[in-house]
Every structure is written in C-alpha cells, then in structure tokens.
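Right, one structure below, let's go through it.
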Amino acid sequence: MNWIQKKPFYFIVILLLGVLAALPWLAVSYTLTLVFFLSVYLTLALSYDIVGGYLGYMNLGHSTSFGLGAYTTAILLNHGFSLILALGLAILLAAAFAAIVSYPLFRLRGAYFALATFGLISLIEVVVTNLRDLTGGSGGISTPPGNNLLPAYYLAIVVVLGTMVFSYYLARSQFGLALFSIREDEEVSRSFGVPTSLYKCLALVISSVPASLVGGVYVWNMTYISPHSVFGLEIALSPIVMAMLGGTGTMVGPVFGAIFITLVQEFLWTKVPYFHLTMYGTVLVLLGLFMPGGLVRTQWVRPLVQRLGLGEEIEYFKKS
Amino acid sequence: MKKRLLVLVICLSVTLLIGVSMTAIGAPKAIHIGATVSQTGHFSSEIGPFKRLMNAWADIVNEKGGIMVKEYNKRLPVKFTVYDDKSDQATAKKYYERLVTVDKVHLLLGPYSSPLTFGASTAGENHKVPFIAICANSPKIYTRGFKWIVAVIDIGPRYTYRYWEMIKDEGKAKSVSFVVEDTIHPLGVFKGSKKLSQEAGLKVLSSDVVPAKTRDFTPIITKLKDKNPDIVYVSSNIPFAINFMKQAREMSLNPKEYHCIHHSGVFRDPLGSTAECVVGQSYWVEGMKLGDTKLITDVLKRANIREPMYPWSPAYVAAFQIVQAAIEKAGTLDNKVLMDNLKGLKLDTVLGKAYFHETGYGSINTYPSQIQNGRYKIIYPQEVATGKHIYPRSAWK
Amino acid sequence: MLPDLIQLLVGGILLGGIYGLAAFGLSITFGVLNVLNLAHGEFLMLGALMGYVLFTALGLNPFISAIAVIPIFIIAGIGFYLLLLKPISEKPPHQLLVASILITLGASLVIEDLTAFFWERPVTGIAYSLPSLDLAGVVVSSTRLLILLFIFFLAFSLQLYLKKTYIGKSIRGITQCLEGAKVVGIPIVLVSALTFGLGVALAASAGVFYVTLFTVTPVMGIPLSVKYMCIVVLGGLGSLVGSVVGGLILGVAESLTAYYFGAEWSPTIAFILLILILIVKPEGLFGTKE
C-alpha cells in the first residue's frame, strides 16, 4: 500500500486533526465537553478491545482500571502531586492491579470470565467506598477546583489518538498475532509455543494503561468523582457496547462504534423529550440481531475501511 | 469516486457535529431557564417527572402574563429547557455546558443530588450564569469558593436540627442508635445528627454505616435488640428504610421511637401499620400553617404529581418562587445584577423564610413530622405544628 | 453469642432462599441456552409489579400470585425468545455472547424506560406480613420460611419434571449435546422457547416474593441480573440444585460477614466466594465438566 494511494487518507487525517486542534475557536465549550467525553469513552472502548476483541476474553470489568486511575489521580492531586506524576503513578497502580488479578481471572473462560470481571467492578467499588478516610467514601472526592476543560480536552485527544495508533500497531505486531491465535484456539496456540498465560496477563496489563490514564484526565477535568460515577453501569457498559457495535477485534471498530453511539445518543437526548432510552435500547437490540459483528463488518462499511488499509483484522474474526 | 465520496462524508459529519452545537441567537423574548432532570437512571424515582413540574409552573406564571422585567418595561414569559441527565455526573455536566453555551439560558436550576451538582455547578461558575442548586446539600459543594451558586436548602448536617431541638426540649429520650445508609446525603445528615444528639444530652449507643444496596438487616437488628436504644434513627433513602422497618417488625425490635429521615407516602404505603408513629422530616405537609401553600397545590395539581410520592416537589416550587422574586427585584436579566440580587434575597417562600449564606447554601430546612393514623402531622415547633408528638410509640408484639 | 449465631444462620438461610428462587429461573435459561441474559432482572421486576397489582386490586395473597403469574410469563418468555433470541441461537459462541449482551441489554433498557414512564409509583412494595415465629429466642420470619419451603418444593418438582417427562428430558438433551438432540428429532426451537419461558416465569414468581419482602423500582433490573448470574455460575451452570445451594451459601455468608466484619464488607463476599470457588472448581459447585 504505497503512499500515493493513501493520499486521500492522509488528507482526511490531517483535516480532522486540524479541526480537533482548532475546535476551541470553532465551537463552544459544550462541543469541547462532548468531544472530551467521546475521547474518554473511545479510549476505554479501544483499550477494552485489546482484551475483549484481540484476545477474545470479554473483560466486562474494564472500567475497574478507569476507576482506579481516576481515584489514584484524585488522591495524589489532593496531596499536591503534579498532574504528570499523579497520572504516572495511577497508571502504575492500575497496571499492577491488572497483573495481580489476571492470575485468578484467566483460569476462567467465556461467559464465566465475563461475569467474574463484571463482579470485580462491584468489589472494587465497595472497597473504595469503605476506605473512606483515603477516598472520601460514598461522598466522593474533590480535586483542587479550576477550569481545566481546555488542557484536559487536548490531553484527552492526545491520549485517544495515541491509543488508536498503539492499537493499530499492536494488531500488526507479532504480539498481536499471538493474541489473535489465543482467541482462535488457545490450546493449539499453546502447543505452538505461545506463552499463553504470560501473554494474557500482558494483554490485560497493556489494556489497563490507557484506561487508567484517561481516568486520571477525567477526574482532573470533572474536579469531583464519586464511586458510582466511575464504577457504575454506565461507564462499565457503554465503552464495551461501543466496541461491540462498531466491530470488536479491530482498531476502527471501536472508533466507529463510539462516534455512532455518541451522535445517536446526543441526537436522541437533545431532540426527543421522552422515550429516548427506549429508542436507544431498540437500536441496541436491532444491532445485536442484525449486526453482531459490528458496523465495520457490514457490507457498506467494510469496503471503505479496507480501502483505507485499516481492515486487516476484520477477517480474523472467529468463523467456527 | 469512492474516495471523494468518503472525503465528502467526513467533511459533512464534522460540520454536522459543529452545527449540532449551534443555535440561532435571539433577543430575550422569554426568560429562559435551564435545568436537567433525572428522567432515567437511579434518581428517576426521586424526580423523574419533574419536567412536568417546571412546565406547570411556567404555564401558571405565563397565564398571568409572565414575570415583570423593569429593564424592558414589560412582562416576559418563562421558558424552560430541560434535558435528561441519566442520573450521571458526566452527562449532567455536559448538558449544563450546553444549556449555557448553546441554549444561552439566563438562569440554571440544579440537578438532583450533590454528586451531580458538583459538576453541573461548574458550568454556571465558568460562564458566569446564576446557578440555583435545589436538592444538593453536601457542605463540600459550597466550600469551593464559587461565586455563582446559591442553594434553596440548608446543608445536610443540619437537616434534622429541629427534631433534636424537640427531643432536647422534651427531655424524655436518653439514648440513640444510628443506622446509616452509605450514601452521600444520609451520611451527611448522620454526621450532623450525631453531634446534635449528643448536644441534646443523649448517649449514642451505636452507629452502623451500611451499604446502600443492603436488603437484609437481620445482623444489624440483632445487634440493636441487644443494645436497646430509646431512639432508632435510620438515616437513609426510602427503599433502604422500608426494608429496614419491615424486618424490624418481623424481629420485634421495639425502641421508644423510630426516626426515618425520609418517610413520605412512598415509605408509608408498603409498610401499612408498621409505619405508624414513625417520625421523619418533611419540607411541607398539607394543612400546615406555613406561608402560602396554594402555589404548591396549584403547581402539583397542574403537573399531575402527588407530593407524598415525590417529596422534593415543594423544594422545587420554592426554587421557582426564588427565581421569580430575584428577577423582579433585579429588574433585568443581566447576569451580574441578577446574581447579586439573588444572593441578597430574603423571601417568604412556600417553605418558610429563604435567604442565602455567604458561601451560597440556603436556609430552608425540614420539620419533624410523625405518621399518625396514616396521616402526616408536623409535630414541632408549636407555630407550625399540626399535631402532637406521640412518644413512646405503641410497641409491636 | 450462640443464640446470635443461630439467628444469623437462620436469617442467612432464609435470605438465601430468596436468592435461590430468583437464580433458579436463570439457571434454566443460562444453562440451556448459553445466553447471558441481562433482562432476567427485568422480568423479576415486572412480576413484582404484577404481584403488587394483584394484591392491591384483587386482594390476592402473594403466595397465590406467585403461581398465578407463571402462565402469563411463560407466554411472555416464549414471545421474547422467539422474537429476540432465536435469531441468534445458531451463531458461534463468541458472536453469541456479544449478540446476547447487546440484545438483552437493549431489551432491558426498553423495558425499564417504558415501565418507569407508565408506572406511577417510583418505589413499590406491599404491606403484607405474617406474624413471625419465635423459636426459643430466635425470631424466624414466617414469610421467608414459607418462601424457602416453596422454593424447595419447586426445585424438587422441577427436578422430577426434568427427569421424568418428555419435555424435561428434551431440555436436558439440548443442554448436554445440541447436535445429538437434533439428530434424535427433538424440536429444538419449541423446547428452547419453552425453557426460556419457564425460566422467565420463575423470575416473575420470585419477583412477587421480592415485592412482598423488599421494595421494587423500575431500574433495579440490571444489577440484579448480574448478581443472580453470579449465583448461577457459583452453583454451576446446568445444575438447578446448584443455584439453590449457591443462593443459600451466599445468604449465610453475607449474613455472617455483616455481623462479624461490619455491614460494609458484606457485598464483597459474593464476589470473593465466586472467585474462590471458580478457582478451585471452574465449573461451579455442582457443575459438570464440559
């Protein structure tokens, strides 16, 4: 795929980046907030998909890393740490937690794994709530007040773009190939010499990094979080739905899913006074019935994505 | 061909995104108030239908011609723009930003609960739009040095101060045990009440902070039966309290008094006779001698909302009155003038005297009310009481 | 201290009975159809609301309502299955998981939203209670005891049903080997739909008891679904006895933890138990290795 054929692709990318960079001057703070949350959710969807899509283990508890990152950052910021240091330590904590928890969890498969990871969120939520001296308990925790929307916006954009690029190269690396092989058939993969336990643990740790990072950026912008807001159902399920809807197991899938769902939700919530949740639920049901492989695997979007050179992983989806 | 189509599609989407966030800017044809209501999510059981409440009040005011704004020398109608915040912080924050920057409202009314108000109030503060918090009484909201926020109600720890005054006056109760739901509001009320009870001369025998989702209270009630306090004070939201009381009855826990801070009709109905003699807190009860309650009954009737089911509705009505009074006093919709007038307001609302403290929190507070024969009676203070305090309660067998 | 301990154990077992009953229906659907059904809690909630209506409008005793709702919800469940789940039933396991989450989550949101809009009461409960029994200082809730007996009876009769009747054996056949079942000529769609209907009806039945003992809100469904799925996994997929036992164990564990460690730690015990048991025995307590 030489670069002359990719010229329109690069053009689009540069155009988009330009718009994103100039958005504070082109639009109001509501739009910035909207794009900020879109970036947060997209980062979560992309990082979820490393384990959920590439590795094939549905980690419904992905938001645990997000919440841990958010709380650690909040606590450190309140103790006077600089943002960079706070974020860095938050990532380390979340990664360490992911490493520890991967040993018991990866003994499970399929729906068992999904359920157990989902239960993990409640466990951590309870623990965080109970350590009320450290975390403020159910009352939540406030960070030093201030209007951080502008820098947080740019930071979120950088994080999400970085995660996209990382996910892209991961899918095309040897490590990524190993993950795909584990997904397709774990026993065969192991018999070919892939260190499955180690790689599964690595995948979980890697996926926890963008999640915890974006959790820290989130709390820096919100200046307040409560256990429910970072460990609740909304933040747990939405990124996963986005990844599944867009197309799990690919890099562009979550991107499509996140943008699609954000636009649909925004439209429903601002233009439809009642029953917007019903409509949203109906959309999910329809997508589950007719497009469970996701948007990128449909006949309309797939050729588009493949022309852009982003569609290699689409074919890898389990056919058995 | 396909590539150009793709470029076109992407450019269109980007413009759409920016476009979705712009609306036409017009001259003030109406007083535009913005708010979010938790139509969906776990707070929907507290204020789900309150969009109707706001529109009902707007209709009543507009039928009289609207609110007088001196600057334009005419009455302007009231218009609400209300979004659903899904009981979610991030969504609330996003829509308050939208209300201010896209819908360009003149005033903001707060969402339900302190956690949502933390984020929502930043929109008012950053864009200098007056923000009136309604159901948000965590003290931490008002210690951030914000200049553009006032609150209708008093802070959480003082939620039941009148009850403890009454207990102290009577001098009969000697001990209390607390059962607390681990949620921000009940926790705040408990912290204040613990101190107030000690100042009233009572001994605190035990305090149990229990997760919000707890449905089985056998262990706690077993403990309480051993301790045998005079008052069992349940600081919680309603589902928690209902479950506690049912099981307390099954296990025959018989203190001299039960206090459940939230005990509206939603609490009373599933309990039947178990709810008898339970004391709780109410902002307003039908028949109480407090201000002009005709407005409350009119608005509720118009909106088809029953107060026993949605006990926060009177607080919203008080907020509407505050908005109206502030605009009339300021004579203009200019942000700064409006905010200054809000802060300095002293108004007799449907729930009593409203004024705002330095950091923004309000003065309106609840009264102790007891369920007697299935009806709610305010039992203290004398000036507004509609019944007498029954103490001790009749024990269950 | 001993009387307290006994009280806790009794309380825990009674609580576990309720858990078991609700998880019961899920064990059938999850075990047989391999569908991660997030909508299970919605049917529990709907059954609860129907129980409320029957109690307040017709004065129907909850124990009768619990049986009365079963036929209605079998039909509802069959409809739900044929409309939403049958289309994806032939998909490969990974896609099935993804699709079932999307569909059942979407369905849950729709049910919640519509219920919240049309049902006026934000919190629902019924004032029904039986006098408690006092056995040598230990208070036993009669309502919960009856529920426990009800679910034992139900579990027993369902086990009989599965072992003896044609439909029952068909269900077990489908669980054990789908291909074999097809070869033998079992009407897969019919039996699957009926199974789902049965599972959903049991959830609704549990819902009637739920509204008697606790309170019900339109949005309680999804967290409940997750909790009961954990119980089913704990007890072992495909084992009805397992979900009952799992529920009982959980009830006792929560009760003891709340008393000895403090109530704030009792929600953690559910998950810790689940993880421990799954590590030691990945199929669950009574599950069979695939």
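No hydrogens, no waters, no symmetry mates; every other heavy atom, side chains included, goes into these values. Quick note on labels: first sequence line is chain A, next is B, and so on, each numbered from 1. Quick caveat, the model's predicted, so the values are computed rather than measured.
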Measuring only between side-chain heavy atoms, which start at C-beta, is [X] closer than 4.5 Å to [Y]?
X	Y	result
B:Pro270	C:Thr124	no
C:Pro122	B:Met309	yes
B:Gln247	C:Phe214	yes

Tell me, side chain or backbone of C:Val216 under 4.5 Å from chain B's heavy atoms, or both, or neither?
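For C:Val216, neither part sits under 4.5 Å from chain B.
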Give, as side chain, backbone, both or neither, the part of C:Thr212 having an atom under 4.5 angstrom from any heavy atom of chain B.
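Backbone only.
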Could you grab the distance from atom [atom1] of [X] to atom [atom2] of [Y], nearest 0.5 Å is fine?
X	Y	atom1	atom2	value
B:Leu271	C:Thr215	CG	OG1	9.5 Å
B:Asp269	C:Arg121	CG	CZ	4.5 Å
B:Thr218	C:Tyr259	OG1	OH	12.0 Å
B:Asp84	C:Asp113	CG	CG	8.5 Å
B:Ile238	C:Thr217	CD1	OG1	12.0 Å
B:Glu250	C:Arg144	CD	CZ	5.5 Å

Considering residues, nucleotides and ligands other than [X], do more than 12 of their heavy atoms fall under 6.0 Å from its [atom1]?
X	atom1	result
B:Lys256	NZ	no
B:Lys51	NZ	yes
B:Arg306	CZ	no

Between B:Pro211, B:Pro239, B:Ser273, who has the most heavy-atom pairs with chain C when the cutoff is under 4.5 Å?
B:Pro211
Give, as side chain, backbone, both or neither, the part of [X] having an atom under 4.5 angstrom from any heavy atom of chain C.
X	result
B:Phe217	neither
B:Val209	backbone
B:Thr214	neither

Pair C:Val219-B:Ser45, side-chain contact (heavy atoms from CB on, under 4.5 Å): steps then yes or no
CA-CA 9 Å; C:Val219 298; B:Ser45 52; over 6 Å; no
